Amino acid sequence: MKTKPVKRRAARANPPPEKLWQLRLYVAGQTPKSLTAFSNLKNICETHLSGQYSIEVIDLLERPQLSKGDQILAIPTLVRKLPEPVRKIIGDLSDTERVLVGLDLRSAQ
Amino acid sequence: MVPPASHAAFRATRLPKCPTGIQGLDEITDGGLPRGRPTLVCGGAGCGKTLFAAEFLVRGATQFGEPGVFMSFEETEAELKANVASLGFDLTSLVRRKKILLEHVRIERNEIHETGEYDLEGLFVRLNHAIDSIGAKRVVLDTLEALFAGLPNEAILRAELRRLFRWLKDKGVTAVITAERGRDSDQLTRHGLEEYVSDCVILLDHRVNDQIATRHLRVVKYRGALHGTNEFPFLIGETGLSVLPITSLGLNHGVSNERIATGIPRLDAMLGGRGFFRGSSILLTGTPGTGKTIIAANFAQAAARRGERTLFFSFEESPNQIIRNMHSIGLRLEPLVKRNLLRFHSARPSLYGLEMHLATMFKEIAVFQPEVVIVDPITSLMDSGTASESKGMVTRLIDYLKAGQITTLFTSLTQGGQSLQQTEMAMSSLMDAWLLLQDFEGNGERNRVLYVLKARGMAHSNQIREFLISDRGVDLVDAYIGPSGVLTGSARAAQTASEKAATLAGQQEAGRRKRELESKRMALERQISGLRSEHEATAEEFRQIDEQIGTQTRLLTTERSELGRLRQADISVTTGAVGSSKPKTKTR
């Protein structure tokens, strides 16, 4: 059920560029923050991960049972499922620099 | 007192309460935690916050039909299950039956990157989902402060916590929120959670006095309700938490007029002839070796033989040791143990703290349901707590036993040098009857004596009695009270013997005098009979004299007539016949 985070610094330094980026955005209803987060995420991905990513938006109001799996507290939360390790980024993703660091894209670029 | 009807009306208008089921806590809080509101439970590390919260949920689920959600920010589900299993709670089964839902919220600060505005709606959704999935009425958040470590933005967190507590109230669940005690003593929680929870705050504390650790519980705040404001000792036993509200019990227990024998007939006689009242508390004090345990064992044997279940708490000797020792004075306790009428519970006083001892005793009493309880000696228990705690605990114990109409005999050891009538913790005022055993030293020996110092509600002897122990049992005999004071032991025996001798001598003297008088009387008798025979002899003589005189008179008469006849011989000569015989005479 739970995904145990495995810390591997090597993977963080050099993410394989061909590999698919699997991202999950947890929201709770169509709140302004959620909408902002989604559009920010879309922009960042298009800019930095064009063609290599997939975004799954999970509305916890519809599927509350999914909150447990990724240990979601804050809304919105972006979870990088792949590449491993799992990273969590909370907030509306308006701080692009921090999002890139959080996704390990800053060092890759 | 308020009349019952208006009292009930008053009750109805009060804040609704949610019983915790935690032993003693509902008494302090007059019914439990505020229903439908959050309660903050704060305390330092290891003071029992999590167990408090867990018991609140488990009792709710098992006793009050209220399912609960345990949201843990620190321990995983498996850890929680293992931890509360030590209290005898089977979380696994409760979880399976959907009575309790365990939810572990894991926050890793280093996994989380903050990138702008957010809220904790995810937590709300999770909690909401958990509550709705089992229809929970109770919620535990243990401990929310982990959020402060996990989430970087404190301003958002505080705003969200305020919203969370509001939300919990709207949801109508009774919540227990645990929090770590602040570093400053005036700070209840490290992150000021008390600011959000304004309805009820309970403070747990674990502190060490005189190397004895005691847990305390205090209701700091309880809005809109009466509550005990004192610090109450509590303990974590095998069946959960137990708060001991010292002052909560009123003096309103029922009383019995039934009397029960002590097993020592003479002692019963001293107590108005019929022994102690059932349900009374009896104190037996004495210096070492005065026979406290023996009297206690006699009492136990008598009770058990009457078919009353008797529980013997021994803090000095092991059960087998007591049985063996009492065998030597003729008490047969073993068959009673086998028949399950008598049960021993032995524990070293230093084994654990006072509260733990009392909890164990409460448990034993609850399990065995005795009619008579013996605590030998209560003073050992006193050593395992500080003075004020001990008194409180003992008061609580006595109240508990009295409420259950259990007759209790406490022995109390008076140390040498202490005043005999000064009991530990001034216990005597709590007791209904008090026997004092004492040593009398003198004549190169020590003897035991017994007094009845007090016996409420019955005529009792004011006399001192000597307490004798032999291989046939114990007995009380009158101590000799003479001009030189109280005599016991061989002095008493000597005194009795000399008195006996004096009596004997007196008897002998009287006998001798009696015999003397008797012989004197006999002598007189003899004299009397001598005199009587003399008297008879005299009378005989008298009679003989009379007779002689008669004879002589007759003879004289005869002679006279003869002479007369002779003088008238001339007349008779003229007659032939007479004349013829006369010559014969003349010729002779």
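In the text below, chain A, chain B and the rest are named by the order of the sequence lines, each starting its count at 1. Only a predicted model underlies this, so the values are computations on that prediction, with no experimental measurement involved.
Contacts with chain B were tallied for A:T77, A:L60, A:L78; A:L60 has the most, counting heavy-atom pairs under 4.5 Å. Of the listed residues (B:V105, B:L120, B:D119), the one with the most heavy-atom contacts under 4.5 Å to chain A is B:D119. If you tally non-hydrogen atom pairs under 4.5 Å between each of A:L93, A:D95, A:I90 and chain B, the highest count goes to A:I90.
Nearest heavy atoms, A:A74 versus B:Y118: CB-CD1, 3.6 Å. When all heavy atoms of B:L102 and A:K68 are compared, the pair lying nearest together is O-NZ, 3.5 Å. Here the closest non-hydrogen pair linking A:D92 and B:G116 is OD1-CA, 3.4 Å.
Taken to the nearest 0.5 Å, the CD atom of B:E117 stands 14.5 Å off from the CD1 atom of A:I75. Put simply, CD on B:E121 and CD1 on A:I72 are 13.0 Å apart, with the number rounded to the nearest 0.5 Å. One distance of note links CG of A:L103 with OG1 of B:T115; it measures 9.0 Å at 0.5 Å rounding.
Interface residue B:L151: only side-chain heavy atoms are found under 4.5 Å from chain A. Proximity to chain A is limited to the side chain of B:I107, based on heavy atoms less than 4.5 angstrom apart.
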Distance-only criterion, 3.5 Å: show the donor-acceptor pairs between side-chain atoms of residues 38-46 of chain B and protein atoms not counting sequence neighbours.
none

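Residues of residues 134-142 of chain B having a heavy atom under 4.5 Å from any heavy atom of chain A: none. Heavy-atom neighbours of chain B within the stretch residues 31-42 of chain A, taken at a separation under 4.5 angstrom, comprise A:K33.
Applying the side-chain hydrogen bond (donor to acceptor under 3.5 Å, both in side chains) rule to B:R126 yields the partners A:Q71, B:E103; only residues at least two apart in sequence or on another chain are considered.
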